[in-house]
Amino acid sequence: MALLPRNAKAGMEGVDKEKMQRIVYETSKGSKYFENEEKKEALLRQKIENMRAQRAKLSAADLSHYQTVADRRILELEATRDLSRIWLHADMDAFYAAVETLSNPSLKGKPMAVGGMSMISTANYEARRFGVRAAMPGFIARKLCPELIFVPTDFKKYTHYSELTRKVFEKYDPNFMAASLDEAYLDITEVCKERSMSGGEIAEELRKCVNEETGLTCSAGVAPNRLLAKVCSDINKPNGQFVLTNDRMAVMTFIFSLPIRKIGGIGKVTEHILRDAFGISTCEEMLQKGGLLCALFSHSTADFFLSVGLGIGRTDTPQVSSRKSISSERTFSATDDETLLYQKLADIAEMLCTDMKKGGLCGRTLTLKLKTASFEVRSRAVTSEKYFSSSEDILKYASKLLKAELPISLRPTLVSFQ
DNA sequence: ATACATACC
DNA sequence: GACTGGTATGTAT
């Protein structure tokens with residue numbers, strides 16, 4: 001059985017999900033992509049089996065030891081709980097699609113997706129009712145919704161509107177953290193205090209202001225930390241908000257019934273592992289099974305799981321760290337023509353070099369990412385003595401890496417690390 | 001340092 | 001017919 005694609009998004013009530021699943025399945029069944037997905041799922045099942053076996057091997061003494069470890073760690077984490085800050089997570093509603101509708105109002109009310117036949121990056125709410133969603137290939141989306149309108153991606157436009165929203169965010173928190181073009185975290189503790197307003201009142205005002213400045217709507221979550229604020233912004237999407245008060249009991253009540261998949265950082269795979277190997281589906285169960293988690297996961301992963309169970313997240317404002325990598329990748333139809341592969345590599349090297357020059361960046365490690373015709377992904381890296389940034393250097397290292405892989409049928413990529 | 005996986009938008 | 005692209009981070013070796 002295939003894994004479910006992604007979170008069911010808002011606006012999907014009263015829709016024939018089974019029929020949609022079947023269309024998605026029928027459309028991709030038998031493809032190279034599908035075969036690769038099945039292979040990955042088999043590996044995941046294997047990994048889960050291994051974890052179940054490890055779990056079964058734990059003696060009563062082990063279990064009691066790790067329970068003690070978990071109990072102590074829970075107390076330590078609880079001691080770090082900070083309820084003094086108010087965080088707001090702002091999330092634009094169907095951002096790219098909404099921007100495109102703004103510049104072409106005739107799209108209003110019609111199912112529409114931003115992207116093309118190979119991939120969709122955003123679907124508006126009308127399209128979501130048909131099961132169309134981000135990260136779905138366009139040709140499948142069109143099967144789900146034959147009248148779907150496709151609009152090509154235009155990052156310049158989205159960047160412009162993103163800047164408008166950021167001017168608003170700045171007024172509430174000059175140090176706000178941009179998470180992407182359409183999402184940001186704001187520490188609104190000070191502004192709440194200065195203006196004697198609640199987090200919810202600030203959120204209402206901010207959303208109204210964003211709407212006036214851009215014509216777009218957004219949703220907001222207000223909570224004592226960023227992890228919770230992010231969960232909250234999704235609750236009353238679109239054009240809504242949700243406030244979680246700075247009260248330990250309120251936080252615990254909220255988090256306990258929450259499915260773990262709602263938490264940022266817990267994706268499809270982690271959800272599957274925790275459910276099938278440990279019977280964990282809600283955040284409360286993270287705490288209840290804390291001993292097992294401490295026994296079978298690394299220190300940092302177990303810590304993350306336990307803090308999720310406690311509803312503890314980051315409340316600090318880290319200074320903006322410099323970027324750690326820059327990459328350029330392009331997927332093309334599979335070929336084993338070596339001359340063509342080198343040509344593609346040169347093109348990507350050129351694009352990467354352009355981006356590096358633009359950012360005034362250079363790197364020491366070059367990673368060549370290869371996608372085979374069967375959708376398998378490989379990476380090969382070299383680290384040089386000195387930093388480099390010229391397209392000649394990039395191509396020199398990349399060619400060497402590619403040469404070692406030939407002969408091969410590829411649809412590749414190129415990455416450079418710092 | 002390298003390879004690969006996971007996650008997020 | 002067709003399943004992205006950019007960045008960060010975790011885990012294992």
Side-chain angles (χ1 to χ4, degrees), chain A residues 2-3 5-7 9 24 27-37 40 43-44 47 89 91-92 94-97 113-123 133-143 150 152-153 155 158 162 178-184 230 233-234 261 263-273 296-305 318 321-334 348 351-352 355 359 361 364-371 373-384 401 405 411-418:
Chain A
L3 293 177
R6 274 166 70 117
N7 259 0
K9 286 274 186 183
V24 172
T27 308
S28 62
K29 185 180 62 172
S31 67
K32 287 267 192 285
Y33 171 82
F34 190 83
E35 280 172 22
N36 189 249
E37 287 299 295
K40 285 188 339 199
L43 279 171
L44 179 55
K47 186 174 172 184
H89 180 246
D91 192 346
M92 302 303 294
F95 184 54
Y96 298 174
V114 175
M117 277 310 133
S118 22
M119 191 49 64
I120 282 174
S121 52
T122 316
R133 64 195 64 236
M136 174 181 274
F139 67 92
I140 292 181
R142 202 173 51 180
K143 288 231 165 150
F150 288 88
T153 317
F155 273 102
Y158 315 141
S162 180
S180 64
L181 285 182
D182 70 323
E183 275 184 48
K230 165 109 173 138
S233 70
D234 198 48
R261 186 65 169 85
I263 302 290
I266 299 187
K268 179 176 87 163
V269 171
T270 309
E271 175 190 40
H272 196 176
I273 292 174
L296 294 175
F297 289 95
S298 73
H299 188 78
S300 68
T301 303
D303 255 21
F304 170 63
F305 289 156
S321 58
S322 62
R323 123 148 102 179
K324 297 177 180 66
S325 76
I326 183 165
S327 67
S328 185
E329 59 181 81
R330 231 39 69 178
T331 302
F332 45 82
S333 42
I348 299 172
M351 288 188 275
L352 180 59
D355 288 350
L361 301 163
R364 273 185 71 220
T365 302
L366 183 99
T367 303
L368 176 70
K369 183 169 151 189
L370 309 166
K371 291 185 188 173
S374 55
F375 284 82
E376 191 189 331
V377 177
R378 295 181 203 167
S379 70
R380 299 290 177 260
V382 276
T383 299
S384 100
L401 291 172
E405 299 301 310
R411 328 153 44 241
T413 282
L414 184 62
V415 193
S416 165
F417 278 103
Q418 125 97 283

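Side-chain atoms are counted along with the backbone in the values below, which use heavy atoms only and exclude waters and symmetry mates. Each chain gets a letter, A, B and so on, in the order its sequence line appears, and its residues count up from 1.
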> Which part of the nucleic acid does A/Ile140 contact within heavy-atom distance under 4.0 Å: base, sugar-phosphate only, or nothing?
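Since a base atom lies under 4.0 Å of A/Ile140, the category is base.
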> What's the closest nucleotide to the A/Ser379 side chain, out of C/dC3, C/dT4, B/dC4?
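When the side chain of A/Ser379 is considered, B/dC4 is the closest of C/dC3, C/dT4, B/dC4.
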> Nearest to the side chain of A/Ser325 - C/dG6, C/dT4, C/dT7?
C/dT7
> For A/Leu181 and A/Ala381, take the nucleotide of DNA chain B holding the closest heavy atom to each; which residue's nucleotide lies nearer the 5' end?
A/Ala381
> Side chain of A/Glu183 only, heavy atoms from C-beta on: which candidate in B/dT6, C/dG5, B/dC9 is closest?
B/dC9
> Which whole-number value in Å describes the distance from A/Ile266 CD1 to B/dA5 P?
21 Å
> Does A/Ser121 make a side-chain N or O approach to OP1 or OP2 of C/dT4 shorter than 4.0 Å?
no
> How is A/Phe95 classified with respect to the nucleic acid when contacts are heavy atoms under 4.0 Å: base, sugar-phosphate, or nothing?
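Touches nothing.
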> Atom CZ of A/Phe305 to atom P of C/dG10: distance rounded to whole Å?
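After rounding, the reported distance stands at 12 Å.
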> Could you write out DNA chain C as dot-bracket? Rules: Watson-Crick or G-U wobble, both distances under 3.5 Å, brackets [ ] for crossings, | for pairs with another strand, dot for unpaired.
....|||||||||
> Return the CZ to CD1 distance between A/Phe332 and A/Ile348, rounded to the nearest 0.5 Å.
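One finds 5.5 Å between CZ of A/Phe332 and CD1 of A/Ile348.
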> Can you tell me the distance, in whole Å, between the CZ atom of A/Arg364 and the P atom of B/dT2?
9 Å
> In Å and rounded to the nearest 0.5 Å, what is the OG1 to OH distance from A/Thr153 to A/Tyr158?
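Reported value, rounded in 0.5 Å steps: 5.5 Å.
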> If you check the A/Arg380 side chain, which of C/dT7, B/dC4, C/dT4 turns out closest?
B/dC4
> Judged by each residue's nearest nucleotide on DNA chain B, which is more toward the 5′ side, A/Gly265 or A/Leu43?
A/Leu43
> How many whole angstroms separate atom CZ of A/Phe297 from atom P of B/dT6?
12 Å
> Looking only at side-chain atoms of A/Lys324, point me to the closest of C/dT4, C/dT9, B/dT6.
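Between C/dT4, C/dT9, B/dT6, the one nearest the side chain of A/Lys324 would be C/dT9.
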> Roughly how many Å is it from CZ in A/Phe304 to P in B/dT6, rounded to a whole number?
15 Å
> The side chain of A/Thr383 lies closest to which of these nucleotides: B/dA1, C/dT4, C/dT7?
B/dA1
> Taking all non-hydrogen atoms of both residues, which atom of A/Leu370 and which atom of A/Glu405 are closest, and how far apart?
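Closest pair (atom of A/Leu370, atom of A/Glu405, distance): CD1-CG, 3.6 Å.
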> So, is A/Lys230 close to the B/dC9 phosphate, meaning a side-chain N or O under 4.0 Å from OP1 or OP2?
yes
> To the nearest Å, give me how far apart CD (A/Glu35) and P (C/dC3) are.
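It is 13 Å, rounded to the nearest whole Å.
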> For C/dT4 versus B/dA7, give the span between their C1' atoms, rounded off to a whole number of Å.
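One C1' to the other, the span is 15 Å.
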> Which nucleotide in the list B/dC4, B/dA7, B/dC9 gets nearest to the side chain of A/Arg378?
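When the side chain of A/Arg378 is considered, B/dC4 is the closest of B/dC4, B/dA7, B/dC9.
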> With sequence neighbours excluded, what pairs up with A/Phe297 under the ring-ring contact (aromatic ring centres under 6.0 Å, His included) test?
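ring-ring contact (aromatic ring centres under 6.0 Å, His included) check on A/Phe297 returns A/Phe278, A/Phe305.
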> Within the structure shown, what part of the strands sits under 4.0 Å from A/Glu37 by heavy-atom distance: base, sugar-phosphate, or nothing?
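No contact.
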> To the nearest 0.5 Å, tell me how far A/Arg142 CZ sits from A/Met136 CE.
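A/Arg142 atom CZ to A/Met136 atom CE measures 14.0 Å (nearest 0.5 Å).
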> Give a yes or no on whether a donor-acceptor pair under 3.5 Å exists between the nucleobase atoms of C/dC3, that is its base, and the side chain of A/Ser118.
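No such pair is found, so the answer is no.
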> Between A/Ser31 and A/Ser298, which has a closest nucleotide on DNA chain C that is more 5'?
A/Ser31
> Got a second to check how far A/Lys230's NZ is from A/Asp234's CG, nearest 0.5 Å?
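A/Lys230 atom NZ to A/Asp234 atom CG measures 7.5 Å (nearest 0.5 Å).
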> Is A/Ile263 touching bases, backbone alone, or none of the nucleic acid, heavy atoms closer than 4.0 Å?
sugar-phosphate
> Could you check whether A/Ser300 gets within reach of a base, just the sugar-phosphate, or nothing at all, counting any heavy atom under 4.0 Å?
sugar-phosphate
> Among the nucleotides C/dA2, B/dC9, C/dT7, which one has an atom lying closest to any side-chain atom of A/Phe139?
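Side chain of A/Phe139 sits closest to C/dA2.
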> Considering only C/dA2, B/dA3, C/dG5, which nucleotide approaches the side chain of A/Arg142 most closely?
C/dA2
> Find the distance between CZ (A/Phe375) and CD (A/Glu37) and round it off to the nearest 0.5 Å.
9.0 Å
> Roughly, in whole Å, what's the span from CE in A/Met117 to P in C/dC3?
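So the two atoms are 13 Å apart, to the nearest Å.
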> Between A/Glu376 (CD) and B/dA3 (P), how many Å, whole number?
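Result: 14 Å.
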> Look at A/Ser327 and C/dT7 and indicate whether a side-chain polar atom (N or O) is within less than 4.0 Å of OP1 or OP2.
yes
> Is there a donor-acceptor pair closer than 3.5 Å between any side-chain N or O of A/Ser121 and the backbone N or O of A/Val114?
yes
> Give me the atom names and distance for the closest heavy-atom approach of A/Ser233 to A/Asp91.
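Taking A/Ser233 first and A/Asp91 second, the nearest heavy atoms are OG-CB, 4.1 Å.
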> Between B/dC4, C/dC3, C/dT7, spot the one nearest the side chain of A/Arg323, thanks.
C/dT7
> Assign A/Lys143 to base, sugar-phosphate, or nothing according to its heavy-atom contacts below 4.0 angstrom with the strands shown.
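Counting heavy atoms under 4.0 Å across all strands, no contact is made by A/Lys143.
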> At under 4.0 Å between heavy atoms, what does A/Thr270 touch on the DNA or RNA strands: base, sugar-phosphate, or nothing?
sugar-phosphate
> Could you report the tightest heavy-atom contact between A/Arg133 and A/Ile120, atom names first, then the distance?
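Minimum heavy-atom separation between A/Arg133 and A/Ile120: O-CG2, 3.7 Å.
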